There are 2 protein chains.
Amino acid sequence: MKIGDIATAAGVPTATVRFYERRGLIPRAPRTPAGYRKYGGDTARRLQFIKHAKELGFSLDDIQTMLELRTDDPAACRAVEALAQAKVQAVREHLRELRRLERILSRLVQKCEEPHAPAACPILEVLGKPATRQPAPAPGRRLA
Amino acid sequence: MKIGDIATAAGVPTATVRFYERRGLIPRAPRTPAGYRKYGGDTARRLQFIKHAKELGFSLDDIQTMLELRTDDPAACRAVEALAQAKVQAVREHLRELRRLERILSRLVQKCEEPHAPAACPILEVLGKPATRQPAPAPGRRLA
DNA sequence: CTTGACCTTAAACCTCACTTCAAGGTTAGG
DNA sequence: CCTAACCTTGAAGTGAGGTTTAAGGTCAAG
């Protein structure tokens, strides 16, 4: 298997496979005499693992940790479980924030659709107000 | 008001105020003879607006659009409403994804807590599986 | 032998919203 | 006068997770 083959199999660009190698997520592949990377099934399975974990919201750092733990050792399972627990917590937190946001935004849109003075956009008005009471961390980035 | 004053008032670092000025989110402030920026209440209100909009998940690009529309014009309200609608849609989409994730992750954690062979971590097993379902790419050569 | 699809590398670039740095100038207080 | 705390600028750095580019080498088909 050449790089294009596992890349296609795993559904990622070849550049990403090289990037993972450089980053240490997959081992350095042995080369053919011409210098081409050659792969066996191990790397394909590893790329699957990475892909699944990424889809579940694990960062590449998390994934590296898990890959390093993949000795079939009961302690590894506990470490992985802890990682997954933390991720569930983070996801739940994120869900709470987004639900709040959805509520606020959909109310604003609704107000826009109710009759109002044509020169007074309710959204612009609300946004312009001096302060709303509620400590409101935004999703994503945070102010310094 | 000097830059530190509005920055404190708005709860952002001075560097951020300068950054917003460079980016065109707030107008270039007039300078004192020594070159210091001096501000009136307008900019403070604008910073408030930016802060609120950011908390609702609008990007700086979105915010710039809204600020450029802030003539008291009924068309502006419709444009802002469209922006908010799009944001609500995005938030809902994000919510769906996160809920799916939460379900999957919490099941995995639960499986870890049930009794299982000590050397077989259910999480590592699930992550390592070839695929849940695959559209099976055709065996032709494709760009990677 | 030529074409085109594939492969190699290092290094630069991307997004987003800032933050930090370097190298200075200004001002208020003591 | 001195010092600390402010302020100025442009440029570069951060983080995450890659993507793109440049400049080439390899290989199978026609």
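Labels below follow one simple rule: chain letters A, B, ... track the order of the sequence lines, proteins then strands, and each chain is numbered from 1. Note that the structure is predicted; figures quoted are calculated from it, not measured. Any value given below was found using the heavy atoms of this structure, including those in side chains, with hydrogens, waters and symmetry copies removed.
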* To do: Test R96(A) against E93(A) for salt bridge (charged side-chain N to carboxylate O under 4.0 Å, His left out), laying out the working first.
  => CA-CA 5 Å; R96(A) 272 194 295 281; E93(A) 173 91 13; 3.0 Å; yes
* **Shortest non-hydrogen separation from M66(B) to A53(B) and the atoms involved** => CE-CB, 4.0 Å
* **Selection from dT9(D), dT19(D), dT19(C) that lies nearest to any side-chain heavy atom of T16(A)** => dT19(D)
* To do: Return the value, rounded to whole Å, for the distance between atom CG of D5(A) and atom C1' of dC6(C).
  => 10 Å
* Is there a salt bridge (charged side-chain N to carboxylate O under 4.0 Å, His left out) between K87(A) and E81(A) once you walk through the steps? -> CA-CA 10 Å; K87(A) 194 58 63 181; E81(A) 192 194 340; over 6 Å; no
* Quick one: I50(B) CD1 to dC16(C) C1', roughly how many Å, whole number? -> 15 Å
* What one-letter contact string describes nucleotides 22-30 of chain C from 5' to 3', where B marks a base within less than 4.0 Å of any protein heavy atom, S marks contact via sugar-phosphate atoms alone, and - marks no contact? -> ---BBS---
* Dump the intermediate steps for salt bridge (charged side-chain N to carboxylate O under 4.0 Å, His left out) on R23(A) and D61(A), then the final yes or no. => CA-CA 10 Å; R23(A) 205 184 177 294; D61(A) 276 356; 2.8 Å; yes
* Under a 4.5 Å cut-off applied to non-hydrogen side-chain atoms, are I123(B) and C112(B) in contact? -> yes
* Residue-phosphate contact under 4.0 Å: R37(B) side-chain N/O, dT9(D) OP1/OP2 -> yes
* Quick one: pull up CZ in R100(A) and CG in L95(A) and give me the separation to the nearest 0.5 Å. => 14.0 Å
* Asked: Taking atom C1' of dT26(D) as reference, at what distance in whole Å does atom NZ of K38(A) sit?
  -> 15 Å
* Spacing between L60(A) atom CG and dT19(D) atom P, to the nearest angstrom -> 11 Å
* Asked: Under a 4.0 Å heavy-atom cut-off, which of residues 18-30 of chain A touch DNA chain C?
  -> R18(A)
* In chain order, what residues pass the side-chain hydrogen bond (donor to acceptor under 3.5 Å, both in side chains) check against Q85(A), with sequence neighbours excluded? -> E113(B)
* Under 4.0 Å between a Lys/Arg side-chain N and an Asp/Glu carboxylate O for R45(A) and D42(A)? -> yes
* Worked verdict on K54(B) versus D62(B) for salt bridge (charged side-chain N to carboxylate O under 4.0 Å, His left out) -> CA-CA 9 Å; K54(B) 235 163 33 81; D62(B) 289 341; over 6 Å; no
* OP1 or OP2 of dC18(C) less than 4.0 angstrom from a side-chain nitrogen or oxygen of K54(B), does that happen here? -> yes
* **Among dT19(C), dC7(D), dT9(C), the one nearest I3(B) by side-chain distance** => dC7(D)
* To do: Indicate whether OP1 or OP2 belonging to dA16(D) is found under 4.0 Å from a side-chain N or O atom of S59(A).
  => no
* Asked: How many Å lie between CE on M1(B) and C1' on dC6(D), as a whole number?
  -> 16 Å
